[in-house]
Amino acid sequence: MAANIHKNGEVIADVTTHPATKRAVESHARCLDLARLPEYQSLLVTKSTLTGHKILRFNSLMCTPDDMIANMKLKRLNYHTTGSCVGGMCVGWNAFNTMWAVTADIDKESGSDYHENLKKWLIQTEAQGLLVSGALTDAKGNRSLKASQQSDLDVNLRVVEKRPDGVVVRGAKNMICSVCASDEIFILPGNAYKEEDKDFALSFVVPRDIAGLTIVEARRPSDDREYQNGFDVPDTGPAQSYLFFEDVFVPNERLFMCGEYGHTGKVIQYFTANYRACIGACVSGQGDVMIGAAVNMARANGLSYKTFMDKLIQMSANNETTYGIGAGAIALGKKDDAGVWVADSLIAHTNKIHVATLPYETKRLCQEIGGGIVETGCMPSYKDFTNEEYGPLIRKYLKAGDCSAESRARTARLAEWLTIGAGVPGCMHGGGSPDGARLVVRANTPFEQYAEYAKKIAGVEEDLKDPVAAKK
Ligand SMILES: Cc1cc2nc3c(=O)[nH]c(=O)nc-3n(C[C@H](O)[C@H](O)[C@H](O)COP(=O)(O)OP(=O)(O)OC[C@H]3O[C@@H](n4cnc5c(N)ncnc54)[C@H](O)[C@@H]3O)c2cc1C
């Protein structure tokens, strides 16, 4: 692909070898490796509902609860082999499933060809086994203003020109996961828009190296370590990028929404419900590795892991909570008329609230079990660890349990990376902020109905009303 990814003033010629991108590429490569192993075939590979051919699971339409639960299982498994996420294909997977339903609606209403466009692109994508990242735009600008009210309209991705054969778009996406590992970028509107914002109601897909797109890699806490070798950073990990679209041409056949603002609400509803159901598996997968790191740290420190059983049980319970709520949201979801499965909104958004809370407790417990050297910046670098002059001193005094100093140092570094380093996935804002999820929980909770249940059971017969001046 053309080199359009930048970091520290340098253009990255090869994403598979550059320190800023190679770990994200390796994470995705491990997922593809799993797909070749017979024991994981049924999870990583499936049959296309469009062609009947054997395809990679993350290129598929999710039409049943089992399909979507496979999404969860796949992510948890990936975390077990990488310690981190495969965002370079997971957001895109969810995005094209969402647009499968939405394009069918738009076409029915307006006679457009969006659904057919999507179908053709998807059949090709399945056949080639492409990795598709996803971006709910946008940079957003001033959070209290609508897209059309911003002083710089480009802060939300928009159409700036319509041509007979396509459209020209301008704008940005801040924070997209592991786009350096992906082949394509699938764009969705970032908000539910009204008529005045119709230029921002956009969905399309472009190759990652399309002309006019500049990508900048974000800085990570472990940046300085990533440029060195040794055990300071694992061989895997996420990468976050900024996308800048400067008058990018999108041909009609890659366009799935362009101005149909009335359908943007459903985009947000479907995308967030499915994403927030499945992300419970991501954080539980990383939590499993944190449990493992905590067990290993205890032993490397000379203690039995059973010393910390209460904490380890809590870590496991946290993992299963987000995993189980996600699975519940999927099981209680419904099929859209277009055939794709949609998780239950109330339960999925409830999961997001837990996803933005419980993993932080799991990280805290992992640190508590591991001791000071797993906290950020509390252990010498690999370079110092192996220094000829004073490296032996570091190794002598890092030795604790019945294992080498190097095993203890490696485990501590992994625990640091998992709990407060670059390995932390987007539990808080990835897939949207938890306050947005709280709004959905609020909107879908029938408070009045519940008050009635309680009144009847308590034998209260009079009306209990909010004070007139009460704040909403
Ligand atoms: C690790 C990571 C990976 C990511 N990967 C992807 C990806 O692959 N694809 C993708 O599309 N996105 C990705 N994102 C981006 C993510 O979707 C955004 O971070 C998310 O939409 C939240 O937006 P924001 O970060 O701009 O926060 P903001 O929207 O600025 O929110 C900050 C806070 O302000 C509150 N807030 C915002 N607006 C208002 C308002 N009008 N009124 C009251 N409160 C408000 C929010 O609830 C939140 O508490 C990723 C993010 C992270 C952290």
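Indexing begins at 1, ligand by ligand and atom by atom, following the structure's order.
When heavy-atom distances to ligand 1 are checked against a 4.0 Å cut-off, Met428 has no atom that comes that close, whether in backbone or side chain. Proximity of Val91 to ligand 1, defined as any heavy-atom pair under 4.0 Å, is confined to the side chain (atoms from C-beta onward).
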Report the C-alpha separation of Phe200 and Tyr261 in whole Å, then their side-chain angles, then the decisive distance to 0.1 Å, and conclude whether the ring pair (Phe, Tyr, Trp, His ring centres under 6.0 Å) test is met.
CA-CA 8 Å; Phe200 307 93; Tyr261 62 90; over 10 Å; no
One pair to check against ring pair (Phe, Tyr, Trp, His ring centres under 6.0 Å): Trp121 and Phe96. What are the steps and the verdict?
CA-CA 10 Å; Trp121 169 81; Phe96 67 70; 5.8 Å; yes
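With Lys140, Lys173, Lys146, Gln240 as candidates, the residue nearest to atom 12 (N) of ligand 1 on a non-hydrogen basis is Lys173. Relative to atom 31 (O) of ligand 1, the option among Ser433, Ala218, Pro434 with the closest non-hydrogen atom is Ser433. Ranked by closest heavy atom to atom 52 (C) of ligand 1, the top entry among Cys177, Gly92, Gly430, Ala139 is Gly430.
Taking every non-hydrogen atom of Ile176 and a distance limit under 4.0 Å, the qualifying atoms of ligand 1 come out as 6 (C), 7 (C), 8 (O). Every atom of ligand 1 with a heavy atom of Leu136 under 4.0 Å away is listed here by number and element: 10 (C), 11 (O). Proximity to Ala135 (heavy-atom distance under 4.0 Å) selects the following atoms of ligand 1: 11 (O). The ligand atoms of ligand 1 that sit less than 4.0 angstrom from a heavy atom of Gly431 are 17 (O).
Under 3.5 Å, the side chains of Glu26 and Thr236 contain no donor-acceptor pair of N or O atoms.
Considering backbone and side-chain atoms alike, Arg143 places an N or O below 3.5 Å from some N or O of ligand 1. Residue Gly134 has at least one N or O atom closer than 3.5 Å to an N or O atom of ligand 1. In terms of polar-atom proximity, Gly436 is not counted as a contact of ligand 1, lacking any N or O under 3.5 Å from an N or O of the ligand.
Between Glu195 and Lys198, none of the side-chain N atoms (NZ, or NE/NH1/NH2) sits under 4.0 Å from a carboxylate O, so this pair counts as no salt bridge. Here Lys162 does not pair with Asp199 in a salt bridge; the nearest charged N to carboxylate O distance is not below 4.0 Å.
No more than 12 heavy atoms of other residues, nucleotides or ligands shown are found within 6.0 angstrom of NZ on Lys73. Counting non-hydrogen atoms of neighbouring residues, nucleotides and ligands closer than 6.0 angstrom, the NZ atom of Lys22 exceeds 12 such neighbours.
The shortest separation from a heavy atom of Gly87 to ligand 1 is not under 4.0 Å, leaving the residue out of contact.
You'll find the ring centres of Tyr114 and Trp100 outside the 6.0 Å limit.
Gln149 pairs by the side-chain hydrogen bond (donor to acceptor under 3.5 Å, both in side chains) definition with nothing, not counting sequence neighbours.
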